[in-house]
Amino acid sequence: MTWSDIVLATLKENGLRLVAYVPDNILAPLVSGAATDDHFISVGATREDEAVGIVTGAYMAGLRGVVMMQTSGFALIANALATLVVPYQIPAILIVSERGVMGEFNVGQALVARTLRPTLDTLGIVHHTLAEASTLRFVLDSSIKQAFTTQAPVALILSPLLTGGNPAARAQLL
Amino acid sequence: MTNDRLSAKTLGRTALTRRLVQRLVHEEAVIAGIGNANFDLVAAGHRPQNFYMIGSMGLTCPIALGVALAQPKRGVIALEGDGSILMALGALATIANVKPANLTVIIWDNGIYQITGKQATATAGVTDIVAVARGAGFRHSEWVRDEAHFDQLIDRRFETGGPVLLAAKIDDQPGRGRLMRDPPLIRHRFMTGLGASGGAAPDASLIC
């Protein structure tokens with residue numbers, strides 16, 4: 001199984017059906033895999049905070065979901081996390097593909113990536129970096145279960161160590 | 001009969017919100033945006049299916065879309081101000097493409113950021129929210145002519161299928177109610193009101 005097969009299978013096993021996302025190269029196999037599987041309801045959002053709002057509403061009405069975004073998109077959602085997800089105790093599952101590190105060519109991405117973990121730490125949101133295929137299922141499965149049980153969000157960061165990074169970026173490196 | 005922004009009657013948001021709530025007889029979910037949309041929803045009398053926001057300007061419609069997707073048999077209403085929807089016009093495009101038949105978006109348009117000191121919004125200029133929603137792909141997007149037209153639009157919204165956007169030109173009176181800002185309690189009451197409390201129902205098919 002590829003890393004993306006493991007992620008989709010684990011989401012499915014945990015009853016997560018709604019996938020709200022803004023696309024990204026690394027997320028492409030997750031987005032297309034969800035779109036072609038009837039288990040999932042895929043919603044392409046125009047902004048990442050919109051995707052957070054959709055998953056929040058769905059959760060409160062009994063439908064579990066996940067938000068998928070890249071690091072620059074995460075930088076757009078601080079307000080949605082601080083004023084909605086955290087205070088209302090929403091178990092939002094946030095899957096963030098990590099751009100800006102280990103072979104980034106775009107200085108903007110490299111800078112915005114530095115805001116990811118400090119923002120999560122400041123808001124007290126649990127996060128794990130998914131870097132190993134061998135532990136991927138365990139970390140993801142246990143984190144999702146903990147999030148719903150404790151009514152708390154969790155961010156799962158897809159490291160280039162797991163995904164191989166952005167394939168389009170590699171060609172642009174000097 | 002002409003039905004546009006210029007000819008729409010200026011209505012009272014407090015009275016119109018009461019009018020709306022009186023017509024909700026099927027436990028419809030109502031998600032109210034920050035500020036006066038919220039205050040007037042509280043003033044119309046608390047219902048277990050009300051969700052009140054404490055921030056997250058612009059996310060009323062996305063939250064309502066999530067509720068509508070999770071419970072396709074329940075009517076869902078987003079109450080949003082002009083300033084807030086202008087922050088999230090992309091959400092109209094998302095909703096128009098997802099096409100939730102059970103979702104109605106109501107825009108209270110007074111052309112001002114009322115709560116921050118009545119600064120003008122873009123709708124006080126050349127921007128027409130009903131036209132924006134049509135351009136985003138809403139098949140049903142209308143200006144509310146007057147109170148009777150509002151009643152008529154609210155009552156027929158499921159007959160023609162959604163999503164529907166209704167924009168009402170409203171006055172600049174402050175919202176009447178006082179919001180209790182206790183987010184976990186607001187969420188818990190809302191989830192209970194929708195039959196989704198406790199997170200014990202991972203399968204949406206159990207809810208509707």
Side-chain angles (χ1 to χ4, degrees), chain A residues 11-22 38-67 73 76-93 144-152, chain B residues 29 31 34 49 51-72 74 76 78 87-95 97-98 100 136 181-208:
Chain A
L11 297 178
K12 215 166 165 171
E13 284 160 18
N14 280 278
L16 273 71
R17 293 189 58 213
L18 181 63
V19 177
Y21 67 93
V22 177
D38 284 347
H39 168 83
F40 293 108
I41 301 166
S42 291
V43 177
T46 63
R47 286 171 54 104
E48 290 78 0
D49 53 358
E50 186 192 329
V52 170
I54 294 168
V55 164
T56 297
Y59 166 72
M60 293 192 294
L63 175 65
R64 289 182 173 194
V66 59
V67 184
L76 280 179
I77 70 169
N79 188 49
L81 296 176
T83 63
L84 184 65
V85 168
V86 174
Y88 287 88
Q89 299 173 355
I90 304 297
I93 312 299
I144 292 170
K145 287 182 165 64
Q146 179 172 331
F148 284 104
T149 308
T150 63
Q151 296 274 148
Chain B
I31 294 86
I34 50 167
Q49 296 81 25
F51 184 71
Y52 312 102
M53 292 162 67
I54 61 161
S56 328
M57 186 170 174
L59 294 193
T60 311
C61 288
I63 293 169
L65 172 59
V67 174
L69 281 169
Q71 300 200 10
R74 185 189 299 275
V76 180
M87 193 178 268
L89 295 178
L92 295 178
T94 304
I95 290 168
N97 280 285
V98 173
R181 290 186 174 82
D182 186 338
L185 186 61
I186 293 170
R187 175 187 51 72
H188 182 75
R189 283 177 169 174
F190 183 61
M191 290 181 74
T192 305
L194 299 191
S197 59
D203 185 347
S205 65
L206 297 175
I207 304 296
C208 321

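All chains are named by letter (A, B, ...) in the order of the sequence lines, taking the proteins before the strands, and each is independently numbered beginning at 1. Just so you know, these numbers use all the heavy atoms, side chains as well, and skip hydrogens, waters and symmetry mates.
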When the 4.5 angstrom heavy-atom criterion is applied to Ala91(B) and chain A, the contacting part is both
Shortest non-hydrogen separation from [X] to [Y] and the atoms involved:
{"X": "Leu63(A)", "Y": "Ala70(B)", "value": "CB-CB, 3.4 Å"}
{"X": "Arg187(B)", "Y": "Ile90(A)", "value": "CD-CD1, 3.5 Å"}
{"X": "Gly90(B)", "Y": "Glu50(A)", "value": "C-OE1, 3.9 Å"}
{"X": "Val67(B)", "Y": "Gly57(A)", "value": "CG2-O, 3.4 Å"}
{"X": "Met191(B)", "Y": "Met60(A)", "value": "CG-O, 3.3 Å"}
{"X": "Thr94(B)", "Y": "Ala45(A)", "value": "OG1-CA, 4.1 Å"}

Enter the distance from [X]:[atom1] to [Y]:[atom2] here, rounded to the nearest 0.5 Å.
{"X": "Thr83(A)", "Y": "Met53(B)", "atom1": "OG1", "atom2": "CE", "value": "7.0 Å"}
{"X": "Thr46(A)", "Y": "Ile95(B)", "atom1": "OG1", "atom2": "CD1", "value": "10.0 Å"}
{"X": "Gln89(A)", "Y": "Ile186(B)", "atom1": "CD", "atom2": "CD1", "value": "11.5 Å"}

Sorted by chain and residue number, the side-chain contact (heavy atoms from CB on, under 4.5 Å) partners of Gln146(A) (sequence neighbours excluded) come out as Thr150(A)
Can you confirm whether Phe190(B) sits close enough to Tyr88(A) that some side-chain heavy atom of one is under 4.5 Å from a side-chain heavy atom of the other?
no
Could you check whether any side-chain heavy atom of Ile63(B) comes within less than 4.5 Å of a side-chain heavy atom of Leu84(A), counting everything from C-beta outward?
yes
By a 4.5 Å heavy-atom criterion (distance strictly below it), what part of Leu18(A) contacts chain B: side chain, backbone, both, or neither?
side chain
Check each atom of Val55(A) against the heavy atoms of chain B and say whether the ones under 4.5 Å are side chain, backbone, both or neither.
neither
Applying salt bridge (charged side-chain N to carboxylate O under 4.0 Å, His left out), name anything that partners Arg47(A), two or more places apart in sequence or on another chain.
Asp49(A)
